[in-house]
Amino acid sequence: MTSIDLVDLTKEYRGTRAVDGLTCGIGPGRVTGFLGPNGAGKSTTMRLVLGLDRPTSGTATVGGLPYAALRDPLREVGALLDAQAAHASRTARDHLRFLVVSNRLPARRVDEVLEETGLAAVARRRIGTFSLGMRQRLGIATALLGDPHVLLLDEPTNGLDPEGIVWVRTLVRRLAGEGRTVLVSSHLMNETAAFADHLVVLGRGRLLADVSTGDFIERYGRARVRVRTGDPVRLRAALLARGHTVAEDDDGRWAVDGATAEEIGAVAAREGVTVLELADDRGSLEQAYFALTTAEAEFAAATSPTAPQEA
Ligand SMILES: Nc1ncnc2c1ncn2[C@@H]1O[C@H](COP(=O)(O)OP(=O)(O)OP(=O)(O)O)[C@@H](O)[C@H]1O
């Protein structure tokens, strides 16, 4: 089983610390969502893992080896970094065949990945005529070509239509289910929540969280109870009298912060108020993510007023 290991990984570009003392392991058999605001250092981290950039200090290894020391890199690691990278004048098939030959991979992989990524019908078209979504699929096909143990996908859903987004979700889940190590960066929180078992969150190059998706939402999300009642005025008064914070949502339901459905149900029963709907709401990944990154930005501003701002 192959994992990605980052130990005190640091990358500086002329005064900018893009990655700052990052230590974490990205394990096999699960999809790890890679999150962070623009400029947090996600792409730089992926480039360091792939040996496309040299760390200023620290190490990034795959299965214990730096990328440059891997004997068969494409069979070990597949990556989607920049979907525009393929040669525009080549056909999709020729692009993949070139990679198969130059990396001594089995020729059958070309048709297999074209089929898998839904590009078989356009395989003989020049890449220059491809839509952003088709290029994205070709980038994923390229990442899958060596049937690698480890996949790094930078914004794989970029430019894909809803059907394509569901396809990526199913694909990364399957790859992780086969025991592979899958690291996926994304700006779409709901999307990430739908496929990631685990999260690594960066802020200004530093590790903010390395935790399961469920624990992340529990830790940073805002737990609340959603309730719809036949007598909102009375229930609201009863809840306020007991010190609860109550807010009316757009959809006519009430949201009660920091409470459980059992507690609110008991209050309603005691008051003889009819309850039409009552449910615990753990909060979303998006909400938890903003709570964490906002708290971090405020902490950084308070402790280091001259800290460089995000790009
Ligand atoms: N080649 C480079 N030269 C100089 N600065 C760079 C270079 N590459 C990245 N940076 C800087 O490093 C920081 C991290 O950038 P990076 O692209 O890794 O962030 P990111 O988390 O991938 O952002 P995004 O979500 O926007 O893709 C930014 O401040 C960026 O401007």
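Both counts, for ligands and for their atoms, begin at 1 and track the order of listing. Note that the structure is a prediction, hence the values are computed from the model and not measured.
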* Asked: Quick one: does G36 get within less than 4.0 Å of ligand 1, heavy atoms only?
  -> no
* Asked: Got a sec, which hydrophobics cluster with F290, joining ILVMFWY side chains under 4.5 Å apart, including via others?
  -> L35, M189, L199, V201, L208, V211, F216, I217, Y220, L285, Y289, L292
* Asked: Is the closest N or O pair between A40 and ligand 1 shorter than 3.5 Å?
  -> yes
* Indicate yes or no for a side-chain donor-acceptor contact from T192 to the backbone of S186 under 3.5 Å, with no hydrogens or angles considered. => no
* Heavy atoms, side chains only, cut-off 4.5 Å: are E263 and V225 in contact? -> no
* Main-chain N/O of E271 paired to R234 side chain as donor or acceptor, under 3.5 Å -> yes
* Closer than 4.0 angstrom: is that true for some heavy atom of H187 and an atom of ligand 1? -> yes
* T16 heavy atoms, cut-off 4.0 Å: which ligand 1 atoms fall inside? -> 29 (O)
* Salt bridge flag under 4.0 Å for residues R173 and D197 -> yes
* **N or O pair under 3.5 Å between A18 and ligand 1** => no
* Answer yes or no: does an N/O atom from T45 fall short of 3.5 Å to an N/O atom of ligand 1? => no
* Which ligand 1 atoms does P37 reach within 4.0 Å, using its non-hydrogen atoms? -> 21 (O)
* Structure fact -> Note: heavy atom closest to atom 22 (O) of ligand 1, options S43, S185, S186, belongs to S43
Just distance, no hydrogens or angles: give the donor-acceptor pairs under 3.5 Å from side chains in residues 66-74, sequence neighbours left out.
| from | atom 1 | to | atom 2 | distance (Å) |
| --- | --- | --- | --- | --- |
| D72 | OD2 | R75 | NE | 3.2 |

